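Being a predicted model, the structure only gives us computed values, none of them experimental. Chain identifiers are assigned alphabetically (A, B, ...) following the order of the sequence lines, protein sequences preceding nucleic acid strands; residue numbering begins at 1 within each chain.
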Amino acid sequence: MKAHLTELLTLAAKSIAPEGSNVGTLDIQLERPKTAQHGDWATNLAMTLAKPLRQNPRAIAEALIKALPASAYLGKVEIAGAGFINFFLNAKAKQAVVGLIFQQTERFGHNDTGHDAAGTPRKVQVEFVSANPTGPLHVGHGRGAAVGDCLARLLQADGWDVTREFYYNDAGVQIDNLTKSVQSRCHGLTPEDAGWPEDGYRGDYIADVAAAYLAKATVVADDVQVTASGDIEDAVAIRHFAVAYLRHEQDLDLRAFGIKFDVFSLESALYTEGKVENTVKSLIASGHTYELDAALWLRTTDFGDDKDRVMRKTDGGYTYFVPDVAYHVDKWQRGFARVINEQGADHHSTITRVRAGLQALDIGIPLGWPDYVLHQMVTVMRGGEEVKLSKRAGSYVTLRDLIEEVGCDATRYFLAARRADSQLVFDIDLARAQTNDNPVYYIQYAHARICSVLNQWGGKVESLQHADLSPLQAVHEAALMQRLSEFPEIVKAAAQELAPHMIANYLKELASDLHSYYNAEQFLVENEALKLARMALISATRQVLKNGLNLLGVRAPEKM
RNA sequence: GCGCCCGUAGCUCAGAUGGAUAGAGUGUUGGUUUCCGAAACCAAAGGUCACUGGUUCGAAUCCAGUCGGGCGCACCA
């Protein structure tokens, strides 16, 4: 419809433009007005033409309307405000979306933005969560999980070939701390005791790991299986076991949250496979490094950083960003046209360094690759007070606690329904409420309500595909159909902006339109033609609610 | 001190590409059910879009500065 109106306006603009003018090539902006009074579509074309044509915008608008070719979809066209042209579609044009939804079903809202010229989906990787295997996932990881998974779903709908990936930092200082902590617990120490490691992990779960180790338990994580030796003095064995144990714990957290990864990458593998060494060699060869004070530095200031960064410490170890660069070289070599890293905002300083390292290598990686989506902190509230402690983890609220308390659907919704770059307050009381306060239930209720009506009607939903829609003339019906037709644009915009919260907001509005309609009109009426048309409309609405909820990873229940 | 993000109704937040009278939920007040699920609907009230200046026919949106909050500024990740 947008394309149709653009064409009409282009023709009109050309016909009123003076000889030799280039107004016909102007970008035509069409938007959906906020209020129904302003029609179904509006353009500011007359205002943008005012300057080049040196005429009053309203006069131009009048001329444009007069020059508009005939259209089968237009009702009336009006001038409003300073020179807006408002288009009112006729009933038939509005009703068309219902047929389209029946035709496309679960693919309604999808598009092919991610396809290449040959029509093949391009490869995109979404890396998210990527927690250190040193403890259970916390709320912050939960936000990353919810946002990252929704991004993956959105990009899939946008026509991309998506890989979900989790990167484990299973090498480095934090893992040493973990090992020491478990070993101390094996020795019977607690965090309150004198000999407890300085930066040790204090949560109760460390005691669980130690107990399992001493009991010679076997744990499975992704592709590895580790059986504990029970030898308290064997730090290497403890380390392997503890990492595997906590990876398994995190797998359980993710499963409870309904999230599946395609690939798990291990930092340790980058070392054992020589990828870190190779990257360092290449960086040295690139000429962007230097030695100073017995350390090796990368001249990241060549690529926009505010100071150079150490790559190899005086103790011979690499700083964390070096394996990170190696990891991204690996991603590039795996053929991802796009990579999106979803991380907590506290990691934002890595962005410049990783990109600088990739540019220094000069292997054809575009500037600004990879993309980053950073989410801000989450504060959890209960009874008007901030919740800070969890028994299990010691110092933070775990994702599993939240899921157990408020449910998977509400947790996902609340963590994905806000812009990633603003701080989020997670109100447990609100998320738990099974009342109209709670937007998750509000949306799910709309879906269940429709299912209930369709049930009582008792006919076959597929038979509605070719129902005559012309009886749909009520204002709430026009509003609902208008909203349905917006869905594909919202999906496209949300994918482009990497902003899943746009879907959550859209669904609230769609649910609201449905509830208003429900209260204003009786669906199961005597008039058979009207009843069938209404069954078709609410059935289409049900489909879009389901498609939208699916993008968020939230269930669309038939009964509640 | 430097860098990144944020500041919109009492509270929690939307306002994609600059557009018309800045919206929703919640809370407050009042109303709606012999009828498809009241987990719903309708209505009223509630605003210096942090502040100041600039760009523009037009700014919550773009630019500069000020104030306030968060995060980062390790040879930690």
K.L.:
Distance check, C1' atoms only: C42(B) and A50(B), in whole angstrom units.
P.N.:
35 Å
K.L.:
Report yes if at least one side-chain N or O of S452(A) is closer than 4.0 Å to OP1 or OP2 of G37(B); otherwise report no.
P.N.:
yes
K.L.:
May I ask you to decide if the ring planes of H476(A) and Y517(A) are parallel, tilted or perpendicular, using 30° and 60° as cut-offs?
P.N.:
parallel
K.L.:
Answer yes or no: is there a side-chain heavy-atom contact under 4.5 Å between L510(A) and T541(A)?
P.N.:
yes
K.L.:
Are R309(A) and D305(A) within salt-bridge range, i.e. N to O under 4.0 Å?
P.N.:
yes
K.L.:
Within 45° of the axis and under 6.0 Å from the centre of the six-membered ring of Y290(A), does NZ or CZ of R299(A) qualify?
P.N.:
no
K.L.:
Determine: side-chain N/O of Q456(A) to OP1/OP2 of G37(B), distance under 4.0 Å, yes or no.
P.N.:
yes
K.L.:
Tell me whether Y518(A) and A40(B) count as stacked here, given that the ring centres must be under 5.5 Å apart and the planes must differ by less than 30 degrees.
P.N.:
no
K.L.:
Rounded to whole Å, please give me the gap between CD in Q444(A) and C1' in A39(B).
P.N.:
11 Å
K.L.:
Within the structure, does a side-chain N or O atom of K531(A) lie under 4.0 Å from either OP1 or OP2 of C36(B)?
P.N.:
no
K.L.:
Once you apply a heavy-atom cut-off of 4.0 Å, does E521(A) come out as touching a base, just sugar-phosphate, or nothing?
P.N.:
base
K.L.:
Across the strands shown, which category fits E497(A) at heavy-atom distances under 4.0 angstrom: base, sugar-phosphate, nothing?
P.N.:
sugar-phosphate
K.L.:
Going by atom types only, do Q174(A) and Y201(A) share a side-chain donor-acceptor pair under 3.5 Å?
P.N.:
yes
K.L.:
Do R338(A) and W369(A) form a cation-pi contact, if we require the NZ or CZ to be under 6.0 Å from the six-membered ring centre and within 45 degrees of the ring's axis?
P.N.:
no
K.L.:
For the C1' atoms, the ones on U12(B) and on U17(B), what distance do you get once it is rounded to whole angstrom?
P.N.:
27 Å
K.L.:
Check whether Y168(A) forms a cation-pi arrangement with R247(A) (NZ or CZ under 6.0 Å from the six-membered ring centre, at most 45° off the ring normal).
P.N.:
yes
K.L.:
Specify the residue among E267(A) and F426(A) whose closest nucleotide of RNA chain B lies further upstream toward the 5′ end.
P.N.:
F426(A)
K.L.:
Applying a 4.0 Å non-hydrogen cut-off, can you work out what A42(A) is touching in the nucleic acid: base, sugar-phosphate, or nothing?
P.N.:
base
K.L.:
Rounding to an integer number of angstrom, what distance separates A64(B) and A45(B) when you compare their P atoms?
P.N.:
40 Å
K.L.:
What distance, rounded to whole Å, do you find between the two P atoms, one in G65(B) and one in G3(B)?
P.N.:
9 Å
K.L.:
Answer yes or no: does atom CZ of R555(A) have more than 12 heavy-atom neighbours from other residues, nucleotides or ligands under 6.0 Å?
P.N.:
no
K.L.:
So which nucleotide from G37(B), U17(B), G70(B) ends up closest to the side chain of V453(A)?
P.N.:
G37(B)
K.L.:
Rounded to the nearest 0.5 Å, what separation is found between the OG1 atom of T319(A) and the CG atom of D324(A)?
P.N.:
9.5 Å
K.L.:
When rounded to the nearest Å, what value does the distance between P atoms of A60(B) and C49(B) take?
P.N.:
8 Å
K.L.:
E405(A) side chain to I428(A) main-chain N or O, any donor-acceptor pair under 3.5 Å?
P.N.:
no
K.L.:
In whole Å, what is the span from the OH atom of Y318(A) to the P atom of A77(B)?
P.N.:
14 Å
K.L.:
What interatomic distance, in whole Å, is found between C1' of U61(B) and the corresponding atom of U26(B)?
P.N.:
26 Å
K.L.:
Considering only A38(B), A20(B), C41(B), which nucleotide approaches the side chain of Y442(A) most closely?
P.N.:
C41(B)
K.L.:
Just to be sure I understand the rule, does L424(A) reach a base, reach only the sugar-phosphate, or reach nothing, if contact means heavy atoms closer than 4.0 Å?
P.N.:
sugar-phosphate
K.L.:
Look at the side-chain N and O atoms of Y517(A) and state whether any lies under 4.0 Å from the OP1 or OP2 oxygen of C42(B).
P.N.:
no
K.L.:
Of all the nucleotides listed (A38(B), C76(B), G19(B)), which has the minimum atom distance to the side chain of K313(A)?
P.N.:
C76(B)
K.L.:
Looking only at non-hydrogen atoms, find the nearest pair between G140(A) and H375(A) and report the distance.
P.N.:
O-NE2, 3.3 Å
K.L.:
Which of residues 502-516 of chain A sit near RNA chain B, with a heavy atom under 4.0 Å from it?
P.N.:
N505(A), H515(A), S516(A)
K.L.:
Whole-Å distance between G18(B) P and N44(A) CG?
P.N.:
10 Å
K.L.:
Taking NZ, NE, NH1 and NH2 as the nitrogens, is one of them in K275(A) or D330(A) under 4.0 Å from a carboxylate oxygen of the other?
P.N.:
yes
K.L.:
Mind checking H501(A) for me? I need base, sugar-phosphate or nothing, with any heavy atom below 4.0 Å counting as a touch.
P.N.:
sugar-phosphate
K.L.:
Side chains of V276(A) and V325(A): closer than 4.5 Å at any heavy-atom pair?
P.N.:
no
K.L.:
Write down the distance between CG (D293(A)) and P (A74(B)), rounded to a whole number of angstrom.
P.N.:
16 Å
K.L.:
Might you confirm whether atom NZ of K492(A) has over 12 heavy atoms from other residues, nucleotides or ligands at distances under 6.0 Å?
P.N.:
no
K.L.:
Checking contacts here: which listed nucleotide (C36(B), G70(B), G37(B)) is nearest the side-chain heavy atoms of L524(A)?
P.N.:
C36(B)
K.L.:
In whole angstrom, what separates L530(A)'s CG from C36(B)'s C1'?
P.N.:
13 Å
K.L.:
So N86(A), base contact, sugar-phosphate only, or nothing? Heavy-atom distance under 4.0 Å.
P.N.:
base
K.L.:
In terms of side-chain heavy atoms of Y445(A), which of A39(B), G72(B), G19(B) is nearest?
P.N.:
A39(B)
K.L.:
For the pair D427(A) and R382(A), find out whether any cationic side-chain nitrogen is under 4.0 Å from an anionic carboxylate oxygen.
P.N.:
no
K.L.:
In whole angstrom, give the distance that lies between atom CZ of F166(A) and atom P of A77(B).
P.N.:
17 Å
K.L.:
Using the P atoms only, state how far G70(B) lies from G31(B), rounded to an integer number of Å.
P.N.:
44 Å
K.L.:
Using the P atom as the point on both nucleotides, what is the distance between U28(B) and C67(B), in whole Å?
P.N.:
39 Å
K.L.:
To the nearest angstrom, how far is R143(A) atom CZ from C71(B) atom C1'?
P.N.:
13 Å
K.L.:
Nearest whole Å is fine: how far is C36(B) P from F523(A) CZ?
P.N.:
12 Å
K.L.:
For RNA chain B, list all stems, counting runs of three or more consecutive pairs where every pair is Watson-Crick or G-U wobble with both distances under 3.5 Å.
P.N.:
B:1-7 with B:67-73, B:10-13 with B:23-26, B:28-32 with B:40-44, B:50-54 with B:62-66
K.L.:
Between the protein and nucleotides 1-5 of chain B, which nitrogen or oxygen pairs are less than 3.5 angstrom apart?
P.N.:
| residue | atom | partner | partner atom | Å |
| --- | --- | --- | --- | --- |
| G3(B) | N2 | H348(A) | NE2 | 3.1 |
| C5(B) | O2' | Q376(A) | NE2 | 3.4 |
| C5(B) | O2' | D421(A) | O | 2.6 |

